[in-house]
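Accompanying notes for the structure given below.
Along the sequence shown, the residues carry numbers beginning at 1. Treat the numbers as computed from the prediction; the structure is a model and nothing was measured.
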Amino acid sequence: MDVVENRIGTGSATGAAQGSGSGGATGPEPVEGVGDTRRALGGFLRARRARVAPEHVGLTGGGRRRVRGLRREELAQLAGISVDYYVRLEQGRATQPSPEVLDALARALGLDAAERGHLVTLATPRRGSAPTARVSRPLLRVLDAMDPLPAFATDHRLDVVAWNDLGAELIGGAADPDRRDRNQARYLFLDPASRVVHPDWRERATEAVGQLRVSAGRYPDDAELAGLITDLSTRSGEFRRIWASGEVLMCGAGRKRLRHPVAGLLTLDFEALNVPAAPGELGLVVHVFSAEEGSEGAAGLARLAEVVRDVVVRDVDVRDTAGRNMEERPGLPVPS
């Protein structure tokens with residue numbers, strides 16, 4: 001079991017973003033949805049109304065349309081608010097809309113629970129840094145006790161901060177920083193190996209962007225998070241396209257496919273368990289994978305466990321050999 005410090009924005013992510021662009025003098029362009037919650041609210045509303053087909057909400061197409069989805073005046077009509085007020089909301093000139101207005105907009109746009117929550121968060125922003133979600137010893141014991149189920153924990157920036165051996169191996173070797181970046185978003189968008197580990201890469205990438213958007217709305221003053229998103233926007237066209245769609249997702253439960261070089265393709269059920277940093281705050285998310293007994297997924301997990309056991313045995317052999325060699329050389333400490 002290992003615990004790692006957050007590394008995003010401490011020279012690698014932020015520095016890469018600042019070094020991009022023409023001459024690197026002015027830094028990267030600001031990303032909509034990061035830092036300025038009023039601009040983020042307007043961008044989210046624009047992205048969501050672009051997804052709603054007029055005919056799906058009882059409106060006629062109205063012939064040739066210059067915009068995709070609903071016009072501003074159509075959404076205002078559906079929500080029962082004035083066009084002028086809605087325009088000011090999108091432009092960031094109206095602040096603190098009432099709960100009734102937000103509820104009307106959510107209904108008109110057909111938002112799900114996660115999207116409704118994000119809308120409310122953007123409309124009622126909080127300032128200040130994100131509370132620190134620490135990896136506690138009890139949590140480490142829980143992760144270890146989950147063996148033989150792979151499990152790992154991420155924070156609100158999608159840094160992998162703790163794991164058990166199977167969990168680290170399942171997601172591409174997170175225990176070894178030389179094998180992969182320990183930030184899930186950077187790994188997905190900047191490391192081609194992630195597309196091998198995740199056959200359904202597009203879904204996993206969309207999830208990561210949606211989770212980062214939720215975090216950015218909740219913690220607009222988090223400089224490390226902003227640096228991560230800016231860096232990815234600078235370096236990955238795919239990240240920019242998904243971010244521009246306004247996708248919002250929260251971890252939940254479902255089924256995922258992952259590929260391991262030895263264990264093969266595994267189709268596993270997953271659950272996301274939340275460990276809040278403080279009441280009402282985002283904290284750590286523990287991702288746990290399992291398979292029904294007797295299924296092909298269970299057989300794959302057994303193969304994965306064999307791989308991990310082989311690695312542990314090799315590590316013990318190496319330490320024993322190193323210890324014997326050190327014992328043969330007086331004056332040098334024996335590794336513990």
Side-chain angles (χ1 to χ4, degrees), residues 31-59 67-72 74-81 85-92 94-126 130 154 156-158 184-185 202-220 222 225 229 232-233 239-254 270 272 274 276 280-283 285:
V31 180
E32 185 173 71
V34 178
D36 187 339
T37 52
R38 286 186 295 180
R39 290 183 65 241
L41 175 61
F44 182 65
L45 289 171
R46 283 192 296 275
R48 280 298 174 266
R49 68 179 171 86
R51 290 186 170 193
V52 181
E55 57 271 22
H56 291 169
V57 290
L59 300 174
V67 297
R68 185 165 58 94
L70 295 176
R71 300 186 178 100
R72 288 171 171 172
E74 291 171 335
L75 178 53
Q77 175 187 343
L78 290 170
I81 60 178
Y85 181 69
Y86 178 76
V87 170
R88 286 190 288 125
L89 270 180
E90 267 203 12
Q91 294 176 346
T95 60
Q96 296 183 331
S98 69
E100 292 76 19
V101 167
L102 295 176
D103 186 60
L105 287 170
R107 287 199 309 271
L109 292 169
L111 303 186
D112 62 23
E115 294 163 341
R116 279 175 175 260
H118 186 62
L119 178 66
V120 172
T121 296
L122 294 178
T124 54
R126 54 157 287 169
T154 56
H156 70 282
R157 301 184 192 103
L158 299 188
Q184 285 288 79
R202 175 67 58 179
E203 293 179 26
R204 304 291 81 80
T206 301
E207 288 172 358
V209 174
Q211 291 163 25
L212 287 179
R213 182 176 286 278
V214 170
S215 296
R218 182 71 65 91
Y219 305 119
D222 187 328
L225 177 61
I229 295 170
L232 291 171
S233 296
F239 181 90
R240 288 195 300 274
R241 285 190 291 273
I242 299 174
W243 183 268
S245 72
E247 196 67 58
V248 173
L249 288 170
M250 293 295 289
C251 291
F270 76 93
N274 292 292
E281 300 289 351
L282 301 179
V285 177

(request) Compare every heavy atom of G246 with every heavy atom of F44, then report the nearest pair and how far apart it is. (result) CE1-O, 3.6 Å

(message) Determine whether a donor-acceptor pair (N or O, by modelled atom type, separation under 3.5 Å) exists between the side chain of N274 and the backbone of P276.
(response) no

(request) Could you tell me whether the side chain of H118 reaches within less than 4.5 Å of the side chain of R213, counting heavy atoms only? (result) yes

(request) Write down the atom of A123, the atom of P97, and the distance for their closest heavy-atom approach. (result) CB-CG, 3.8 Å

(message) Using only atom types and a distance under 3.5 Å, with no angle test, would you say the side chain of R46 pairs donor to acceptor with the backbone of E90?
(response) yes

(request) Kindly give the heavy-atom pair with the smallest separation between A94 and Y85, and that separation in Å. (result) CB-CE1, 3.8 Å

(request) Give a yes or no on whether the backbone of L109 and the side-chain of R49 come within a donor-acceptor separation of less than 3.5 Å. (result) no

(request) Side-chain contact test, heavy atoms from C-beta onward, threshold under 4.5 Å: evaluate it for E100 versus D103 and give yes or no. (result) no

(request) State, to 0.1 Å, how close V57 and A108 come at their nearest heavy-atom pair, and which atoms those are. (result) CG1-O, 4.3 Å

(request) Keeping the roles fixed (side chain from R218, backbone from T121), state whether a donor-acceptor pair exists under 3.5 Å. (result) no

(message) Donor-acceptor check, side chain of E74 to backbone of R71, threshold 3.5 angstrom: yes or no?
(response) yes

(message) Is the shortest side-chain heavy-atom distance between Q211 and V248 below 4.5 Å?
(response) no

(message) Between R72 and V87 (side chain of the first, backbone of the second, donor and acceptor by atom type, cut-off under 3.5 Å), is there such a pair?
(response) no

(message) Which heavy atom of L41 sits nearest to which heavy atom of L119, and what is that distance?
(response) CD1-CD1, 3.5 Å

(request) Please confirm whether the backbone N or O of R157 pairs with a side-chain atom of S215, one donor and one acceptor, at under 3.5 Å? (result) no

